[in-house]
Structures are given as C-alpha cells and as structure tokens.
Amino acid sequence: MMSDVASQTPFPIARGLRGRCPCCGEGKLFEGFLRLRARCDHCGLDYSFADAGDGPAVFVILIGGFIVVFAALITEILYQPPYWLHAALWLPLILIVTLAPLRPIKGLLIALQFHHEAAEGRLEKRGGD
Ligand SMILES: [Zn+2]
C-alpha cells in the first residue's frame, strides 16, 4: 500500500530536488530531461501515481519571470544600456532560470505528492452502510 510506505518515509524534499525516488531515495525518478520512468529501479515503486501537471512550469514562470524582469528593470534604471546588450544579458538568463530549476521542481512536486498522498478526487464506495 502506498499509504503505509508514504507514512514511513521522512519528509522527501531532498529526494525530490535530487530527482530520486520519493519512497527509497535511491532509484532515479527521471528517464530523460523531464520524462518519468515507469517504476523505481531500486524499490519498484510504480510512478503511475505521479502527475505534477503544470505545477513545475507555473513555479518556473513566476520565479524566473520575477528574477529576469527585476534584473532588467534595475539595469535599465541604473545604466540605460543599448537594447542589444539587454538581449545579450537577458536571453541567456531566461534559459538558465527556466531550464535549470524545471527538473528539481518537478521532482520536488512529485515527492510532495507521494508524501501527502495527493491524487485526483475519486468517488469512494462505502462498505456496510
Ligand atoms: Zn524507490
């Protein structure tokens, strides 16, 4: 049972950020850059429960957008550089602040989903009454 395993594991932030299995912390979570494996190659946990959805992209857009826009505004106010310098500065920064945190954030959200047993709502059949 997932609930038994999840209640025994410590809070899994480090495992998620490292892209490791949220259950055992040993097996790899990702197959490609963002594609999940079918199951953990160490403990066999089925990753079919994992669905981060748009969550990683939303966090990356909000945090990365703030960093780049804030840096561009401060630079413009203080130095008024030419537009080609803005492009040379902020286009690489956009790639860095969007691509670098995407995988750790996706791993973190999946680890938190596993830890808190979060899933889509389902109708539950009551037994006995
Ligand atoms: Zn595992």
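Counting begins at 1 with the first residue of the sequence. Ligands are counted one by one from 1 in listed order, and the atoms in each one are counted from 1 as well.
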J.: Evaluate V60 against V97 for side-chain contact (heavy atoms from CB on, under 4.5 Å), listing each step before the verdict.
T.: CA-CA 7 Å; V60 164; V97 299; over 6 Å; no
J.: With respect to the Zn ion (ligand 1), please indicate if C40 possesses an N, O or S atom at a distance under 2.8 Å.
T.: yes
J.: Tell me whether Q113 contacts the main-chain N or O of F49 through its side chain, where contact means a donor paired with an acceptor under 3.5 Å.
T.: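 Flag set: sc Q113 to bb F49 pair under 3.5 Å.
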J.: How large, to 10°, is the angle at the Zn ion (ligand 1) when you draw lines to SG on C21 and to SG on C24?
T.: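 Rounded to 10°, it measures 110°.
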J.: Could you tell me the separation between the NE2 atom of H42 and the CZ atom of R20, rounded to the nearest 0.5 Å?
T.: 10.5 Å
J.: Confirm or rule out an N/O/S atom of C23, from backbone or side chain, lying less than 2.8 Å from the Zn ion (ligand 1).
T.: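 Given the 2.8 Å cut-off, C23 does not count as a ligand of the Zn ion (ligand 1).
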J.: Run F30 and R37 through side-chain contact (heavy atoms from CB on, under 4.5 Å) and show every step you take.
T.: CA-CA 5 Å; F30 295 102; R37 294 172 181 268; over 6 Å; no
